[in-house]
Amino acid sequence: MKRRLCLSLALMGLMCLVAWTARAQLQKTGVPVPAWEHHEILLSATAPSVPTLNRYGAEGWELVNVIAACPGSTGNCQYWAYMKRRTR
């Protein structure tokens with residue numbers, strides 16, 4: 001068990017070292033690391049959401065997730081859409 005734990009920790013350390021080295025190489029070569037901006041919108045539960053999502057898509061936003069927030073059991077749900085796009 002102790003050997004397995006030591007091996008796992010050593011492997012994780014090696015993976016971190018490789019990732020850190022790769023990131024340093026990218027920064028050294030001048031390849032920019034992409035940065036993201038995020039946005040959330042409230043979607044209507046009664047009106048079609050496709051036109052709204054298409055408008056954001058035309059602006060370069062990608063839909064990441066939609067979460068339904070239904071407080072209690074009233075059935076009055078709100079739908080939040082989470083979007084991302086690369087910074088310009």
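In this structure, CZ on R85 lies 6.5 Å from CD on E59, to the nearest 0.5 angstrom.
In this structure, W36 places its CH2 atom where more than 12 heavy-atom neighbours from other residues, nucleotides or ligands lie under 6.0 Å away.
Counting side-chain heavy-atom gaps under 4.5 Å among Ile, Leu, Val, Met, Phe, Trp and Tyr, V50 is found in no cluster with other residues. Summarising the hydrophobic clusters (Ile, Leu, Val, Met, Phe, Trp, Tyr; side-chain heavy atoms under 4.5 Å, direct or chained), the residues clustered with V64 are none.
Listed by chain and number, the residues in a side-chain contact (heavy atoms from CB on, under 4.5 Å) with A68 are C70, Y79 (sequence neighbours excluded). Qualifying side chain to side chain donor-acceptor pair (under 3.5 Å) partners for E40, counting only residues two or more places apart in sequence or in other chains: Y82.
No chain of hydrophobic side-chain contacts below 4.5 Å, direct or via other Ile, Leu, Val, Met, Phe, Trp or Tyr residues, connects I67 to I41. At a threshold of 4.5 Å between side-chain heavy atoms, the hydrophobic network of Ile, Leu, Val, Met, Phe, Trp and Tyr places M83 and V66 in one connected group.
A tilted orientation is assigned to the rings of H39 and W61, their planes being inclined by 30° to 60°.
Taking all atoms of both residues into account, the shortest heavy-atom contact from E37 to R86 is OE2-O, 4.1 Å. The minimum heavy-atom distance linking C77 with A45 is given by the pair O-CB, 3.9 Å.
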